[in-house]
Amino acid sequence: MVRKSMALLLILISTLGPGKRSFAQEEEHGGAEKSREKQDHAGKTKSASGETALTIYNGNFAVVRQNVPLELTSGINHITFNDATAHIEPDSVVLRDPSGRRALQILEQNYRNDPLSQGLLLSLYEGKTIDFQVDQKQIVQGKIIRSGYAPNGSSEPIIEVNGKLQFTLPGQPIFPALGDDTILKPTLDWLLETDKPGTANAELSYVTGGLSWHADYNIVAPPKGDTIDLVGWITMSNGSGKEFDNARIKLMAGDVNKVQPEERNYLRRAYDEMEMAKSAAAPVVVEKAFDEFHLYTLEHPTTLRDLETKQVQFVAATQIKSQRLYVYNGAAIPNYGWGPEQIRNDASYGTQSNPKVWIMQEFKNSKENNLGMPLPKGRLRFYRRDDDGQLEFTGENTIDHTPSDETVRVYTGNAFDIVGERRRTDYKLDSSHDWMDEAFEIKLRNHKKEAVEVRVVEKLYRWSNWKITQQSQDYNKIDAQTIEFRVQIPPDGERVVAYTAHYWW
């Protein structure tokens with residue numbers, strides 16, 4: 001089910017396309033067609049002026065809002081707009097007068113995204129003879145039998161030169177003039193009806209692809225200990241085909257549902273204006289909760305050029321208390337999609353032994369721990385400073401969206417000097433009485449020069465009804481089928497954990 005509206009676009013009031021008109025509108029439309037040539041000159045828009053706003057989502061799409069100056073006559077106007085992105089979703093377009101003083105209704109919209117290219121011009125001159133520049137001194141004439149151009153692909157051209165056909169261009173084509181049906185940029189053509197003539201500063205909003213953002217975090221630990229410093233960066237990428245000059249940019253974090261374009265049914269969005277704090281000491285990025293998501297607003301307008309990647313620091317914190325955990329999951333069984341009965345009846349299931357002990361790093365995202373900002377999903381890179389002051393990379397992983405006061409825990413690698421070994425020591429199955437006993441022994445060896453704690457995680461896969469009948473030490477029940485032993489291992493020492501699980505069904 002499509003979630004309720006997410007952010008930053010007013011609710012789309014109609015799906016665009018050929019509009020239905022009343023009888024009176026049809027008559028007016030006919031008159032407008034006759035005078036369209038006169039209106040074209042007055043109705044064409046220039047580049048968008050005024051403030052441009054942009055909200056970029058995690059799902060590699062964005063909502064654009066920009067001002068469009070219009071010169072309108074009463075009735076129907078023909079407007080050509082060519083300042084949108086190359087990845088606009090045409091039926092997400094909303095055009096309105098933000099002042100509310102005039103009604104604007106798009107009766108018909110045509111979208112063209114086939115900008116002028118050599119291939120397109122060749123197709124427009126098919127059947128005609130043009131000049132080809134072979135070198136600096138030689139020009140030959142060739143008749144374009146087939147251009148080879150297609151919007152979604154291409155094939156070999158066929159050119160007739162001196163009565164012979166060839167499947168390559170004889171040289172650089174020289175075109176006499178632009179074709180009558182060519183465009184230089186992706187273009188929206190509107191038949192726009194209004195009730196009041198004059199100058200209008202309309203507001204255009206639409207959804208577009210080609211824009212994305214993600215978060216990255218760099219974490220630095222001192223030579224000894226695990227009190228860390230964290231710096232978070234936002235990286236924005238613009239591949240939309242349009243430059244956003246001096247734009248107000250917002251970033252929406254969260255799992256916003258987006259119907260895919262191939263389903264040909266686009267989401268309707270909601271639009272909301274926010275005032276920004278204007279203070280010399282204001283942070284670069286301000287965060288706030290928005291609906292069921294979090295909105296990060298860049299405090300100052302910025303220019304995002306086409307094919308540009310821009311980075312902005314949005315969080316920096318020092319003296320964050322963290323801890324390193326060692327976790328041993330000796331079975332480490334992949335999910336084969338087996339059902340409970342298959343697991344119960346396979347005697348060898350769960351007897352694999354994984355020798356690796358995982359290194360986990362965790363810290364709490366709280367104000368008390370010098371953080372507390374909701375952290376958007378992204379990549380964490382861990383560094384540790386060496387005794388000589390140089391930073392050394394010690395691992396990386398990704399986190400999901402993390403609210404305030406939640407704990408961040410990530411796997412960063414495998415311990416070099418801590419090794420685990422797991423083996424089954426007993427197995428009894430009584431199918432006639434519906435029970436099973438299974439016993440395991442886990443050995444942990446610590447080759448470090450200091451003591452460590454290892455958390456031994458054991459998954460009780462066999463059945464949902466179980467109890468531990470024998471154990472070498474206390475354990476914690478993590479969930480319905482997981483227990484954890486916390487094992488203290490001395491320097492250059494070894495510890496053994498043993499337990500027996502009884503299942504019944």
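With hydrogens and angles disregarded, no donor-acceptor distance shorter than 3.5 Å links the side chain of Asn397 to the backbone of Val410. A donor-acceptor pair is defined here as one N or O able to donate and one able to accept, closer than 3.5 Å; no such pair exists between the side chain of Gln361 and the backbone of Thr412. A donor-acceptor contact shorter than 3.5 Å links the side chain of Ser404 to the backbone of Gly372. Side-chain N or O atoms of Asp386 include none that pairs as donor or acceptor with a backbone N or O of Leu391 at under 3.5 Å. Without hydrogens or angle criteria, Asn82 side chain to Thr187 main chain gives no donor-acceptor distance under 3.5 Å. Checking side-chain atoms of Trp213 against main-chain N and O of Ile56 turns up a donor-acceptor pair under 3.5 Å. In terms of modelled atom types and a separation under 3.5 Å, the side chain of Asn238 and the main chain of Glu308 share no donor-acceptor contact. In this structure a side-chain-to-backbone donor-acceptor pair under 3.5 Å is present from Asp388 to Gln390. Side chain of Asp417 to main chain of His447: no donor-acceptor pair is present (N/O by atom type, distance under 3.5 Å, no hydrogens or angles). Looking at Asn414, its side chain never comes within 3.5 Å of a backbone N or O of Ile418 through a donor-acceptor pair.
Residues Thr482 and Asp479 have side chains that bring a donor and an acceptor to within less than 3.5 angstrom of each other. Remark: the Trp435 side chain and the Asp430 side chain contain an N/O donor-acceptor pair separated by less than 3.5 Å. A side-chain donor-acceptor contact under 3.5 Å links Thr235 and Gln311.
The distance from the OG1 atom of Thr425 to the CZ atom of Phe440 is 8.0 Å, given to the nearest 0.5 Å. Interatomic distance, CH2 of Trp233 versus OH of Tyr217, reported as 13.5 Å (0.5 Å rounding). Expressed to the nearest 0.5 Å, how far CD of Glu368 lies from NZ of Lys321 amounts to 10.5 Å. In this structure, Thr297 OG1 and Leu251 CG are separated by 8.0 Å, a value rounded to the nearest 0.5 Å. Here CZ of Arg495 is found 13.5 Å from CZ of Arg445. Values are rounded to the nearest 0.5 Å. Between the NE2 atom in His214 and the CD1 atom in Ile234 there is a gap of 10.5 Å [rounded to 0.5 Å].
Taking the charged nitrogens against the carboxylate oxygens, Arg381 and Asp216 do have a contact shorter than 4.0 Å, which makes a salt bridge. For the pair Arg462 and Asp346, the salt-bridge criterion is not met [side-chain N within less than 4.0 Å of a carboxylate O]. Ion pair Arg96/Glu203 flagged as a salt bridge, since at least one NZ, NE, NH1 or NH2 atom sits closer than 4.0 Å to an Asp/Glu carboxylate oxygen.
The ring-ring contact (aromatic ring centres under 6.0 Å, His included) test applied to His87 returns no partner, not counting sequence neighbours. For Tyr326, there are no ring-ring contact (aromatic ring centres under 6.0 Å, His included) partners at least two apart in sequence or on another chain. Listed by chain and number, the residues in a salt bridge (Lys or Arg N to Asp or Glu O under 4.0 Å) with Arg409 are Glu362 (sequence neighbours excluded). Under the rule for a salt bridge (Lys or Arg N to Asp or Glu O under 4.0 Å), Glu156 has no partner lying at least two apart in sequence or in another chain. Partners of Tyr149 according to the ring-ring contact (aromatic ring centres under 6.0 Å, His included) rule, which considers only residues two or more places apart in sequence or in another chain, do not exist here.
Closest non-hydrogen pair, Ser212 versus Asn60, comes out as CB-OD1, 2.9 Å. Across all non-hydrogen atoms, the minimal contact from Ser92 to Glu89 is OG-O, 2.6 Å. In this structure, Arg486 and Asn476 approach most closely via the heavy-atom pair NE-ND2, 4.0 Å. The shortest heavy-atom contact between Leu304 and Leu211 is CD2-CD2, 4.0 Å. Shown here for Ser322 and Phe363, the closest heavy-atom pair between the two residues is CB-CB, 3.7 Å. Of all heavy-atom pairs spanning Lys310 and Thr303, the tightest one is CE-O, 2.8 Å.
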> Hey, mind stepping through Asp306 and Lys242 against salt bridge (Lys or Arg N to Asp or Glu O under 4.0 Å) and telling me if it holds?
Replying inline: CA-CA 5 Å; Asp306 187 31; Lys242 172 180 167 60; over 6 Å; no

>> side-chain contact (heavy atoms from CB on, under 4.5 Å) for Val63 and Met252? Distances and angles first, verdict last.
In response: CA-CA 10 Å; Val63 171; Met252 186 70 77; over 6 Å; no

>> side-chain contact (heavy atoms from CB on, under 4.5 Å), that's the test. Do Leu460 and Tyr499 meet it? Break it down for me.
In response: CA-CA 11 Å; Leu460 304 174; Tyr499 74 93; 4.1 Å; yes

> Given Thr302 and His300, is the side-chain contact (heavy atoms from CB on, under 4.5 Å) satisfied, shown in steps?
Replying inline: CA-CA 6 Å; Thr302 188; His300 304 286; over 6 Å; no

>> Could you walk me through whether Val408 and Leu380 satisfy the side-chain contact (heavy atoms from CB on, under 4.5 Å) test, starting with their C-alpha distance in whole Å, then the side-chain angles of each, then the deciding distance to 0.1 Å, before giving a yes or no?
In response: CA-CA 10 Å; Val408 175; Leu380 274 71; 4.2 Å; yes

>> What verdict does the side chain to side chain donor-acceptor pair (under 3.5 Å) test give for Thr85 and Thr208, after you've listed the backbone C-alpha separation in whole Å, the side-chain angles of each residue and the deciding distance to 0.1 Å?
In response: CA-CA 7 Å; Thr85 70; Thr208 179; 2.6 Å; yes

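Contact annotation: the side chain of Thr394 never approaches that of Ile359 to less than 4.5 Å [non-hydrogen atoms, C-beta and beyond]. Residues Val64 and Phe244 are in side-chain contact: their nearest non-hydrogen atoms beyond the backbone lie under 4.5 Å apart. Side chains of Leu122 and Leu169 form a contact here, defined as non-hydrogen atoms less than 4.5 Å apart. Arg422 has its side chain within reach of Ser353: a pair of non-hydrogen atoms, C-beta onward, lies under 4.5 Å apart. The closest side-chain heavy-atom distance from Asp226 to Gln323 is not below 4.5 Å. Using a 4.5 Å cut-off on side-chain heavy atoms (C-beta onward), Asp426 and Thr500 make no contact. Within the 4.5 Å cutoff, the side chain of Leu204 has heavy atoms near those of the Tyr206 side chain. The closest side-chain heavy-atom distance from Val220 to Arg385 is below 4.5 Å.
By the 30° and 60° cut-offs, the orientation of the rings of Trp358 relative to Tyr411 is perpendicular. Aromatic ring pairs are classed by plane angle as parallel below 30°, tilted from 30° to 60° and perpendicular above 60°; the pair Tyr57 and Phe61 is parallel.
Aromatic rings from Tyr461 and Tyr349 are positioned such that their centres are separated by under 6.0 Å.
By the 6.0 Å and 45° rule, Lys477 does not stack over the aromatic ring of Tyr475.
Sorted by first and then second residue, the ring-ring contact (aromatic ring centres under 6.0 Å, His included) pairs involving residues 365-399 (not counting sequence neighbours) are Tyr383-Phe393.
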